[in-house]
Engineer: 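So that we are looking at the same thing, I have put the structure below in structure tokens.
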Amino acid sequence: MTPGNELVARNVHMLREQRGLSLAGLARRAGIAKQTISKLELGTGNPTVDTLYALAQALEVPLTRLLSTQSQLVMVQRGDEARWNEEGAVSSRELDHIYGSGVIENYVLRVAAGGERVFPPHPPGTLEHLYVISGRVQVGPADAPLELGEGDFARYPGDRTHVYRSLGGPCTLHLVASVPRPMPGTGGTSGGSTVGTRRAVDHSGPCPAPVTRS
């Protein structure tokens with residue numbers, strides 16, 4: 001198995017399972033033979049570009065998602081390097097794109113001075129997109145957190161243990177989490193809300209106050 005085949009095999013298998021799709025179900029959606037997908041997930045197939053595009057469309061992700069490692073999903077955009085698009089009285093700054101089906105959760109988080117909160121992994125495929133409104137923080141994977149300041153933006157996997165940690169004073173953060181959902185009728189299970197107590201389906205209600213550790 002080549003490294004490229006192994007990467008595609010792992011990503012297709014993970015994305016298929018998190019959507020609750022069987023091999024036959026994905027084959028029907030993609031218009032590809034079940035045996036072709038089986039070989040691909042075993043790393044023994046040699047998929048064409050057309051096959052990869054069909055799989056990406058069926059899984060509702062960009063093609064690059066099938067070819068990316070977990071570390072490549074991490075992205076940081078520093079505030080002092082941001083590009084603003086001027087359109088009359090309105091200026092816009094592009095942060096990121098969110099692809100695929102599922103639930104998009106929007107939060108404003110406040111972390112107390114010296115505060116820290118560690119979250120267990122969310123459902124497979126969850127990505128967190130975080131913008132620092134004020135303060136300095138460490139956020140992201142607990143084993144390799146990112147240090148961010150006011151105006152910085154980062155994207156990182158939310159399906160690993162991750163942390164929000166104030167570096168000094170209080171912080172205000174804007175968090176958008178993209179949480180994949182199983183496709184209707186596939187028999188998959190739903191994940192919980194990414195912030196606050198882990199609810200089965202209910203995404204209503206405010207997130208709890210941050211935990212402060214002395």
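Bear in mind the structure is a predicted one, so any value in this text is a computation, not a measurement. In what follows, residues are counted from 1 in the order of the sequence shown.
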Engineer: Could you measure the distance from the NE2 atom of His174 to the NE2 atom of His129? Nearest 0.5 Å is fine.
Structural biologist: 11.0 Å

Engineer: If you take all heavy atoms of Pro157 and Leu127, which pair is closest and at what distance?
Structural biologist: CA-CD2, 3.9 Å

Engineer: Run the numbers on Leu40 and His13 for side-chain contact (heavy atoms from CB on, under 4.5 Å), then give the verdict.
Structural biologist: CA-CA 9 Å; Leu40 191 152; His13 179 75; over 6 Å; no

Engineer: Quick check: do Leu146 and Leu130 have side-chain heavy atoms less than 4.5 Å from each other?
Structural biologist: no

Engineer: Measuring only between side-chain heavy atoms, which start at C-beta, is Arg117 closer than 4.5 Å to Val111?
Structural biologist: no

Engineer: Would you say Leu148 and Arg78 make side-chain contact, with heavy atoms under 4.5 Å?
Structural biologist: yes

Engineer: For Leu66 and Leu59: C-alpha separation, side-chain torsions, deciding distance, then whether side-chain contact (heavy atoms from CB on, under 4.5 Å) applies.
Structural biologist: CA-CA 10 Å; Leu66 302 184; Leu59 293 166; 4.1 Å; yes

Engineer: What closest approach, in Å, do Ser166 and Ala112 show between heavy atoms, and which atom pair accounts for it?
Structural biologist: CB-O, 3.4 Å

Engineer: So which atom in Ala33 and which in Ala27 form the shortest heavy-atom distance, rounded to 0.1 Å?
Structural biologist: C-CB, 4.2 Å

Engineer: Is any side-chain heavy atom of Leu15 closer than 4.5 Å to a side-chain heavy atom of Arg65?
Structural biologist: yes

Engineer: Just one of Thr172, Val163, Val132, Asp152 clears the side-chain contact (heavy atoms from CB on, under 4.5 Å) bar with Val137, so which one?
Structural biologist: Val132

Engineer: Verify the distance criterion only: is there a donor paired with an acceptor across the side chains of Glu150 and Ser134 at less than 3.5 Å?
Structural biologist: no

Engineer: So do the side chains of Val176 and Leu95 get within less than 4.5 Å of each other, counting heavy atoms only?
Structural biologist: no

Engineer: Heavy atoms, side chains only, cut-off 4.5 Å: are Glu128 and Phe119 in contact?
Structural biologist: no

Engineer: To the nearest 0.5 Å, what is the distance between CG on Leu55 and CG on Asn11?
Structural biologist: 11.5 Å

Engineer: Does Glu94 form a side-chain contact (heavy atoms from CB on, under 4.5 Å) with Asn85? I'd like the steps, not just the answer.
Structural biologist: CA-CA 8 Å; Glu94 182 178 294; Asn85 183 34; over 6 Å; no

Engineer: Please round to the nearest 0.5 Å and tell me the distance separating atom CZ of Arg83 and atom OG of Ser92.
Structural biologist: 13.5 Å

Engineer: Heavy-atom distance under 4.5 Å between the side chains of Leu175 and Glu105, does that happen here?
Structural biologist: no

Engineer: Examine Val12 and Val49 and state if one hydrophobic cluster contains both, with Ile, Leu, Val, Met, Phe, Trp and Tyr joined whenever side-chain heavy atoms are less than 4.5 Å apart.
Structural biologist: yes

Engineer: Looking at Asn5 and Pro47, what are the two nearest heavy atoms and their distance?
Structural biologist: OD1-CD, 4.5 Å

Engineer: Kindly say whether Met75 contributes a backbone atom to a donor-acceptor pair with the side chain of Arg155 at under 3.5 angstrom?
Structural biologist: no

Engineer: Could you report the tightest heavy-atom contact between Pro141 and Tyr156, atom names first, then the distance?
Structural biologist: CD-CB, 4.0 Å

Engineer: Find the distance between CG (Leu23) and CD1 (Ile32) and round it off to the nearest 0.5 Å.
Structural biologist: 11.5 Å

Engineer: How close do Arg136 and Gly149 get, counting heavy atoms only, and between which atoms?
Structural biologist: NH1-CA, 3.4 Å

Engineer: Fit a plane to each ring of His122 and His162, take the angle between them on a 0 to 90° scale, and name the class: parallel (under 30°), tilted (30 to 60°) or perpendicular (over 60°).
Structural biologist: perpendicular

Engineer: Within a strict 4.5 Å, meaning less than it, do heavy atoms of the Glu81 and Gln77 side chains meet?
Structural biologist: no

Engineer: Nearest 0.5 angstrom please: Leu26 CG to Arg29 CZ, how far?
Structural biologist: 8.5 Å

Engineer: Any link between Val139 and Leu167 through a network of hydrophobic side chains (Ile, Leu, Val, Met, Phe, Trp, Tyr) touching at under 4.5 Å?
Structural biologist: no

Engineer: For the atom pair OG1 (Thr126) and CZ (Arg160), what is the distance rounded to the nearest 0.5 Å?
Structural biologist: 13.0 Å

